Amino acid sequence: MTAVALTLRKETVSGPACAEKAAILREYEDYAYQIAFYLLQDAAMARKAAEQASLQLFGDDSFFGMPVPRRPACVKAEAMRRALQEKSKGLARRPSVE
């Protein structure tokens, strides 16, 4: 997750739980980006998708309660979901060719 995303999120949620969640999500930041980049082949879109995935997971208490070995699969699924959303937004912005 980018520092900007964490800063924005810290403004709305405070306390030690926030810092602990952010530290856990930082462990998966590169993995989420790698998944998104593999699907999108675009660094800016992949960064945005990974950031959105991290923000979504930040608010998901079940992610933090699940066993650590299951977390990568959850990160992968969310990164893929967000990457596909970014791709569909990009396609929607394109002018139609007729």
Side-chain angles (χ1 to χ4, degrees):
M1 183 180 320
T2 65
V4 173
L6 281 176
T7 302
L8 290 174
R9 196 63 184 181
K10 282 181 184 177
E11 289 176 6
T12 58
V13 179
S14 60
C18 177
E20 291 170 17
K21 286 181 174 184
I24 291 168
L25 286 172
R26 274 192 211 102
E27 296 175 24
Y28 300 101
E29 180 177 27
D30 290 339
Y31 184 57
Y33 176 81
Q34 289 170 352
I35 298 298
F37 185 81
Y38 178 80
L39 293 172
L40 298 169
Q41 296 296 304
D42 180 279
M45 289 173 66
R47 180 188 48 76
K48 187 172 182 182
E51 183 177 293
Q52 290 300 313
S54 295
L55 287 172
Q56 177 65 33
L57 291 169
F58 185 91
D60 183 1
D61 289 335
S62 67
F63 174 77
F64 299 99
M66 72 176 53
V68 173
R70 290 187 51 213
R71 288 180 183 167
C74 189
V75 170
K76 182 178 181 179
E78 192 60 38
M80 291 173 69
R81 187 174 7 266
R82 297 303 175 153
L84 293 174
Q85 285 178 350
E86 282 301 309
K87 185 69 169 179
S88 67
K89 287 180 193 175
L91 293 174
R93 285 187 224 122
R94 281 181 148 173
S96 61
V97 178
E98 293 181 31

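If you're wondering where the values come from, they're calculated on a predicted model, not measured in any experiment.
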- Query: Which distance, rounded to the nearest 0.5 Å, do you find between the CZ of R81 and the CD of E86?
  - Reply: 14.0 Å

- Output the distance between atom CG (L25) and atom OH (Y31), rounded to the nearest 0.5 Å. 14.5 Å

- Item | A46 versus Y33, closest heavy-atom pair with distance | CB-CE1, 3.6 Å

- Item | Any pair counted as side-chain hydrogen bond (donor to acceptor under 3.5 Å, both in side chains), so long as it reaches residues 68-77, sequence neighbours left out | none

- Query: Between atom CD1 of I35 and atom CD of E78, what is the distance when rounded to the nearest 0.5 Å?
  - Reply: 12.5 Å

- Which ILVMFWY residues can you reach from L84 by hopping between side chains whose heavy atoms are under 4.5 Å apart? none

- Provide the full list of salt bridge (Lys or Arg N to Asp or Glu O under 4.0 Å) pairs with a residue in residues 55-68, sequence neighbours left out, each pair given once. K21-D61

- Message: Can you confirm whether more than 12 heavy atoms, excluding those of Y38, are under 6.0 Å from its OH atom?
- Response: no

- Evaluate side-chain contact (heavy atoms from CB on, under 4.5 Å) for S54 paired with Y28, printing each intermediate quantity in order. CA-CA 8 Å; S54 295; Y28 300 101; over 6 Å; no

- From CD (Q56) to CD (E51), nearest 0.5 Å: 13.0 Å

- Of all heavy-atom pairs linking L40 and A83, the shortest is CD2-O, 3.3 Å

- Distance col, row K48:NZ vs D42:CG, nearest 0.5 angstrom, shows 11.5 Å

